[in-house]
Every structure is written in structure tokens, then in C-alpha cells.
**Q** 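Please read through the structure below; I'll follow up with questions.
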Amino acid sequence: MTTIQYDQNGLIPVIIQNAETKEVLTLAYANEEAVQKTIDTNETWLYSRSRSELWNKGATSGNTQKVTAVRLDCDGDSLIYEVIPNGPACHTGKVSCFFETIHGEHNESPGEMFAQLASLIKTREEEMPEGAYTTYLFEEGVDKICKKIGEEAAEVIIAAKNRDAEELSMETADLFYHVLVLLQEQKVEFSQVIDVLKERHAIKTTSK
């Protein structure tokens, strides 16, 4: 097994990556103690070079990260923490620290888009901005949200029966949005749905 190679300062670079969407969230550093605490607690622990101390991601901001895996590269001199984030990773409030594109285009994966939309809906429920449609849904409650899901599902069926691809795309997007609102209202994480899909896919793959 490859051993962890810390630099002359006792540190190793850590790439923090969303375990579900595979989006790179930030780059930080850890020492041996931080890595061990991460493994022991399944929480993101890092080492602050500016403050010369360990820090637990989200301990102050509340934007915690559940670590699902710690991966070491082939040379042993860098790590990846795969995490399920509870809020943005960047101190600016952005989901990822890598939000500025200086060359080319950034194409969001479907997983990234769903995760960001779910995060936005969660923020809407916490802040309840006046005049926002999502605020209205949360104020009306589960009955209204479920009614909207039923209406959107019916619209999806009608669009499909009419063979209208554009309308089907729009109505499906509306349906997905309202389902995400319902999941937040019920405090069911989007990641839980993904876990169910992964489990079902694994069972089917194994049975072939």
C-alpha cells in the first residue's frame, strides 16, 4: 500500500470533491493529525497554514461536510476527500471555490445542477425571501406542494401523448423542481434518493 508522503512542513494538499456530483469544491492542506481526525470522525479536518492550527470545516459556518472516502494518489503526495456537503464549500457562499472560468466553458453535469438547485431550495426555506415562488410553496405547505406535483405530472403525460419534445422538457423540469421542494419540506436529502438509485442499479448489475 502507498504511504502518505507529507512535505517538509508536514503537510499534504487535499482536493475536496463532492462525492455525488464529482464537482471539485476546494483545495486545502492537512497534516497527519488532520488526516487521522478526518478518518476517525468522517468529517473534514484540515490544517490552516495562515493560523497554524487544525480546523474542522463548517464548525463555525455550519457548512459541514460528511466525508465518504479519503483517496491517496499513486505517488502518495496528495489526497482527495470525497464529501457530502451541507452548504457551500467556499467562504464567498459559492458552492465551489472554483467558480471563475478564465479559459473555455464550464459545463455543469446533471448531478452538479441538481445538487445546486437542491441547495438553493434549502436556502430559500431558511431565508424565506418575500415574493419568491419557492417561499410561497413552503408557506402553503405540503398539500399545496403535492398538488403542484400532481399537476406537473399530468402536464408531463399530456406533453408525452402529444409528442411535443419541447413541452415535455419544460414540464419535466417543472416536475423535478417541485419534487425537490417536496424533498426539502420533508427533510429528505437529495443524496438519499441517489443512494436508492445506486443501490437498485448495483443489484441489477450484479444479477446480470
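All residue numbers refer to positions in the sequence shown, counting from 1. Reckoned from all heavy atoms, side chains included, excluding hydrogens, waters and symmetry mates. The model shown is predicted, which means the values in this text are computed figures rather than measured ones.
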**Q** What I'd like to find out is whether the side chain of L25 reaches to under 4.5 Å of the side chain of C97, using heavy atoms alone.
**A** no

**Q** For E53, does the CD atom sit with more than 12 other heavy atoms under 6.0 Å from it, leaving out its own atoms?
**A** yes

**Q** Looking only at non-hydrogen atoms, find the nearest pair between L175 and A153 and report the distance.
**A** CD1-N, 4.0 Å

**Q** Restricting to non-hydrogen atoms, name the atom on Y6 and the atom on E32 that form the minimum distance, rounded to 0.1 Å.
**A** OH-CA, 3.2 Å

**Q** Strictly by modelled atom types, are Y81 and T68 linked by a side-chain donor-acceptor pair under 3.5 Å?
**A** no

**Q** Assigning hydrophobic clusters by single linkage (Ile, Leu, Val, Met, Phe, Trp, Tyr; side-chain heavy-atom cutoff under 4.5 Å), is V179 placed with M113?
**A** yes

**Q** Roughly how far, to the nearest 0.5 Å, is the CG atom of D77 from the CG atom of D7?
**A** 9.5 Å

**Q** Checking side chain to side chain contact (heavy atoms under 4.5 Å, CB included) for the pair R49/L11: CA distance, chi angles, key distance, verdict?
**A** CA-CA 9 Å; R49 293 176 296 170; L11 301 176; 3.7 Å; yes

**Q** Determine whether I16 and V67 fall in the same hydrophobic cluster, where Ile, Leu, Val, Met, Phe, Trp and Tyr are linked whenever their side-chain heavy atoms lie under 4.5 Å apart.
**A** yes

**Q** Do the side chains of W45 and V35 join up, straight or via other hydrophobic residues, at under 4.5 Å, putting them in one cluster?
**A** no

**Q** Might you confirm whether atom NZ of K187 has over 12 heavy atoms from other residues, nucleotides or ligands at distances under 6.0 Å?
**A** yes

**Q** Name the one of K122, K57, K66 that satisfies side chain to side chain contact (heavy atoms under 4.5 Å, CB included) with N86?
**A** K122

**Q** Does the side chain of D143 reach to within under 4.5 Å of the side chain of K147, using non-hydrogen atoms?
**A** no

**Q** Return the minimal non-hydrogen interatomic distance between S78 and I12, and the atom names on each side.
**A** N-CD1, 3.5 Å

**Q** Would you please say whether a donor-acceptor pair under 3.5 Å links the side chains of T3 and Q5?
**A** yes

**Q** Do the non-hydrogen side-chain atoms of L180 and F190 ever get within less than 4.5 Å of each other?
**A** yes

**Q** Can you confirm whether K22 is buried at NZ, in the sense that more than 12 heavy atoms of other residues, nucleotides or ligands lie under 6.0 Å from that atom?
**A** yes

**Q** Answer yes or no: is there a side-chain heavy-atom contact under 4.5 Å between F99 and T92?
**A** yes

**Q** For the pair H178 and Y133, name the ring-plane relationship: parallel under 30°, tilted 30 to 60°, perpendicular over 60°.
**A** perpendicular

**Q** Tell me, do M128 and E139 make a side-chain contact under 4.5 Å, heavy atoms counted?
**A** yes

**Q** Test L183 against V193 for side chain to side chain contact (heavy atoms under 4.5 Å, CB included), laying out the working first.
**A** CA-CA 9 Å; L183 290 175; V193 179; 3.9 Å; yes

**Q** Restricting to non-hydrogen atoms, name the atom on S96 and the atom on E23 that form the minimum distance, rounded to 0.1 Å.
**A** CB-OE2, 3.5 Å

**Q** Near E140 CD, under 6.0 Å, is it more than 12 heavy atoms from other residues, nucleotides or ligands?
**A** yes

**Q** Does CD belonging to E166 count more than 12 external heavy atoms closer than 6.0 Å?
**A** no

**Q** Under a 4.5 Å cut-off applied to non-hydrogen side-chain atoms, are F138 and V181 in contact?
**A** yes

**Q** Are I84 and V24 linked, directly or through intermediate hydrophobic residues, by side-chain heavy-atom contacts shorter than 4.5 Å (ILVMFWY only)?
**A** no

**Q** Is the count of non-hydrogen atoms from other residues, nucleotides or ligands lying under 6.0 Å from E130 atom CD greater than 12?
**A** no

**Q** Less than 4.5 Å apart, side chain to side chain, heavy atoms only: is that true for L54 and N31?
**A** yes

**Q** Counting only heavy atoms not in R163 (residues, nucleotides, ligands), do more than 12 fall under 6.0 Å from its CZ?
**A** no

**Q** Under a single-linkage definition using a 4.5 Å side-chain heavy-atom cutoff for Ile, Leu, Val, Met, Phe, Trp and Tyr, are I39 and L72 assigned to the same hydrophobic cluster?
**A** yes

**Q** Side chains of I149 and L182: closer than 4.5 Å at any heavy-atom pair?
**A** yes

